[in-house]
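Structure, as structure tokens:
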Amino acid sequence: MAIPCPPFIGSEKLSIESGAMSPSSPSPLILTQDELKKIAAYKAVEFVQSGMVLGLGTGSTAKHAVDRIADLLHQGKLKNIVGIPTSTKTHKQAVSLGIPLSDLNSHPVVDLAIDGADEVDSNLNLVKGRGGSLLREKMIESACKKFIVIVDESKLVAHVGASGAMPVEVVPFCWKFTQDRLQNLFDYAGCVAKLRTDNGGEKIFVTDNGNYIVDLFFKKDIGDLKVASDAILRLAGVVEHGMFLDMATTVIVAEVEGSLLNCGSEFYQERRFRGFRITSYVNCDLQLFSI
Ligand SMILES: O=C(CO)[C@H](O)[C@H](O)COP(=O)(O)O
């Protein structure tokens, strides 16, 4: 049940670690985008249980979740966790934090994966891979029983491709040929296909799997996502694309605007937001605001 409260504006920063901001605190708050990401990540980690095989996501939001899992392991609150990293970057982070790791060969069934996303549409379809790790993410997240997506509200879109690139991983061999075919495929949506580069355009971006990424930019909605997915995957030279369709089981959205929900306990809410049906988990210890 929501407690009416005035909108929060001001400059005081959230302290998630200490839980210092009590619900009754008179101090106004401002949440940075990174704080929102951290809130979503910490909330997702509450679903982790000892003994689980965990898919460890990639990106600035997922990084918070990996940090949190390591904290709980070191505090003895989680035991016997096995992590399966979705990128070499996350692998390095997990190793540095002492999280025991494995892979899909040894653990083909993953209990829970927690990862960020670049876009979430109203059917909880995702765009992922702007960080470059879409192939391993898709392999691991396809193998999990539960896939929790953690985002701040900026990731909610009206349709896939609305906020930027939809990445496609391609083999380096004749990448230009594949890029042209991808662009032609979505001619009807005003598609522009661009090879991803690094270092201000100096170097071609190479994925963890030794492949390239072609980013597709659409001027219009591409329509039926399943049809689009099948068409992309039929092109020889394509390895995988960044549309994650019907994969997310939960999306946790950390938001700035809205009313303060009742405090001291956890709330599970299903609601509509800009046409989205979203499941939020709200815990006032973390000062998470929701509409
Ligand atoms: O798909 C990804 C990496 O390939 C990331 O999950 C996605 O790019 C979101 O990143 P961030 O949490 O930094 O916004």
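Quick caveat: nothing in here was measured; it's all calculated off a predicted structure. Start at 1 and go down the list; that is how both ligands and their atoms are numbered.
Comparing Gly129, Ser154, Gly57, Ser60 by heavy-atom distance to atom 13 (O) of ligand 1, the nearest is Ser60. Scanning Arg130, Glu137, Lys155 for the heavy atom closest to atom 2 (C) of ligand 1 points to Glu137.
Annotation: cation-pi geometry not satisfied between Lys220 and Tyr188 (NZ/CZ under 6.0 angstrom from ring centroid, within 45° of ring axis).
Ring geometry, Trp175 versus Tyr212: the interplanar angle exceeds 60°, so the pair is classed perpendicular (tilted spans 30 to 60°).
For Ser87, no heavy-atom contact with ligand 1 is shorter than 4.0 Å. With a heavy-atom cut-off of 4.0 Å, Asp115 touches ligand 1 through its side chain alone.
Within the listing of ligand 1, atoms 4 (O) sit less than 4.0 angstrom from a heavy atom of Gly132.
The shortest contact between atom 8 (O) of ligand 1 and any protein heavy atom is with Asp118 OD1, 2.6 Å. Remark: minimum distance from atom 5 (C) of ligand 1 to any protein heavy atom is reached at Thr58 O, 3.2 Å.
Annotation: the span from Gln179 atom CD to Cys174 atom SG amounts to 12.5 Å, rounded to 0.5 Å.
Among the atoms of Gly116, some N or O lies under 3.5 angstrom from an N or O of ligand 1.
For CG of Asp246, the number of neighbouring non-hydrogen atoms (other residues, nucleotides, ligands) closer than 6.0 Å is 12 at most. Within 6.0 Å of CZ in Phe173 there are 12 or fewer heavy atoms belonging to other residues, nucleotides or ligands.
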